[in-house]
Amino acid sequence: MHDDEIHVWRLDYDHHQGRAPFHMLLAAYLGCTADAIRLGAGAYGRPSLETPHDPDLHFNWTHSSDQALFAIARGVEPGVDLERLRARPRALAIAERYFSADEFVALTALEPAARDAAFLQLWTAKEAVLKATGRGLAFGLHRLSIGSRADQLALRFLDGELPAHWQLHRLNLDDVHVGSIAWRGGPRTIRLRTLAPAA
């Protein structure tokens with residue numbers, strides 16, 4: 001993996017597998033067996049590699065239904081999130097309570113048929129940023145604001161940080177999944193790959 005890349009792996013996932021598929025991917029990058037991986041946790045519970053592993057290698061994972069994403073990078077801490085598209089009858093109520101005012105206004109302006117996908121795109125973008133900070137949802141969904149238009153996402157506000165220091169991208173997956181990735185740092189090339197199911 002080049003230092004100017006972020007690799008994002010997409011894989012079939014069964015929740016009974018737990019962290020095993022993600023450990024397998026980590027092991028491939030670290031050149032060791034999955035059972036040799038030693039993980040710790042940051043102040044807010046974000047998993048991280050412990051000694052003797054490369055301290056410059058960072059990762060994040062997410063899953064929804066039968067799909068998962070695993071992001072790995074050198075020198076930046078990625079946050080990644082994935083949701084399966086489905087009807088969200090309470091999308092506006094959730095946005096009004098937990099999203100920023102401008103995000104709520106943007107959602108109310110949409111036709112109902114487009115609202116579920118837009119809501120989930122905002123949700124995955126917000127969660128990707130919060131995961132990249134290491135703090136997660138406990139930080140508060142209202143403490144950041146995301147703009148979305150055409151194929152671009154933009155971090156407009158993040159409490160205590162400069163949005164210009166961040167990268168935020170929509171992941172092009174398929175017609176039934178929505179995903180986002182974020183990191184603090186300069187632009188990088190995102191390499192989206194699919195892990196073939198085990199034979």
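Counting from 1, the numbers follow the sequence of the chain as shown.
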Applying side-chain contact (heavy atoms from CB on, under 4.5 Å), run through L39 and L49 and close with a yes or a no. CA-CA 5 Å; L39 296 181; L49 290 169; 3.7 Å; yes
side-chain contact (heavy atoms from CB on, under 4.5 Å), that's the test. Do L171 and I190 meet it? Break it down for me. CA-CA 9 Å; L171 293 171; I190 300 168; 4.2 Å; yes
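Ring-centre distance between Y13 and F70: not below the 6.0 Å cut-off.
Among all heavy-atom pairs drawn from A27 and A34, the shortest one is CB-N, 3.7 Å. Across all their heavy atoms, V76 and P78 have their closest contact at O-CD, 3.3 Å. Smallest separation of non-hydrogen atoms from S48 and A41: OG-N, 4.1 Å. In terms of heavy atoms, R19 sits closest to W61 at NE-CZ2, 3.4 Å. Minimum interatomic distance between T133 and L130 (heavy atoms only, all atoms of both residues): OG1-O, 2.6 Å. Closest approach of R156 and I146 over heavy atoms only: NH2-O, 3.3 Å.
At a threshold of 4.5 Å between non-hydrogen side-chain atoms, the residues L82 and L173 count as touching. Looking at V178 and W123, their side chains never come closer than 4.5 Å, going by heavy atoms from C-beta outward. The closest side-chain heavy-atom distance from L141 to F99 is below 4.5 Å. Between L25 and H7 there is no side-chain heavy-atom pair separated by less than 4.5 Å. The closest side-chain heavy-atom distance from F119 to L92 is not below 4.5 Å. C32 is listed as a side-chain neighbour of H53, based on a closest heavy-atom distance under 4.5 Å.
Under the 3.5 Å distance criterion, with hydrogens and angles disregarded, no donor-acceptor pair is assigned to the side chains of Q67 and R84. Using a 3.5 Å distance cut-off with no hydrogens or angles, the side chains of D4 and H2 do not pair a donor with an acceptor.
Ring geometry, W9 versus Y29: the interplanar angle exceeds 60°, so the pair is classed perpendicular (tilted spans 30 to 60°).
The closest donor-acceptor contact from the side chain of R38 to the backbone of T51 lies at 3.5 Å or more, if one exists at all. R74 places no side-chain N or O within 3.5 Å of a backbone atom of E5 that could act as its donor or acceptor partner. Checked by atom type and distance alone, the side chain of K126 never pairs as donor or acceptor with a backbone atom of L137 at under 3.5 Å. Panel note: side chain T124, backbone D81; no donor-acceptor pair is recorded below 3.5 Å.
Between the CG atom of L168 and the CG atom of L153 there is a distance of 4.5 Å, given to the nearest 0.5 Å. Taken from CD in E127 to CG in L144, the straight-line distance is 11.0 Å, to the nearest 0.5 Å. How far CG of L195 is from CZ of R10: 12.0 Å, rounded to the nearest 0.5 Å. Rounded to the nearest 0.5 angstrom, H177 NE2 and D66 CG are separated by 5.5 Å. To the nearest 0.5 angstrom, W166 atom CH2 is 6.0 Å from L158 atom CG. One distance of note links CH2 of W183 with CG of N60; it measures 13.0 Å at 0.5 Å rounding.
F157 and L107 fall into different hydrophobic clusters, where Ile, Leu, Val, Met, Phe, Trp and Tyr residues are linked whenever their side-chain heavy atoms come under 4.5 Å apart, directly or through other members. Grouping the Ile, Leu, Val, Met, Phe, Trp and Tyr side chains by contacts below 4.5 angstrom, directly or via other members, places V105 apart from L155. If you chain together hydrophobic residues whose side chains sit under 4.5 Å apart, F104 and V129 fall into the same group. If you chain together hydrophobic residues whose side chains sit under 4.5 Å apart, F59 and I6 never meet in one group. Transitive grouping of hydrophobic side chains (ILVMFWY, heavy atoms separated by less than 4.5 Å) keeps L69 and L11 in distinct clusters.
Contact check on R88 versus D116 returns no salt bridge, with no Lys/Arg side-chain nitrogen under 4.0 Å from an Asp/Glu carboxylate oxygen.
For CZ of R97, the number of neighbouring non-hydrogen atoms (other residues, nucleotides, ligands) closer than 6.0 Å is 12 at most. Annotation for Y44: atom OH does not count as buried by contact number, only 12 or fewer foreign heavy atoms lying within 6.0 Å.
For the pairing with R184, the side chain to side chain donor-acceptor pair (under 3.5 Å) check across E77, E161, Q167 returns one residue only, E161. No option in R170, K131, Q121 other than Q121 meets the side chain to side chain donor-acceptor pair (under 3.5 Å) test with S180.
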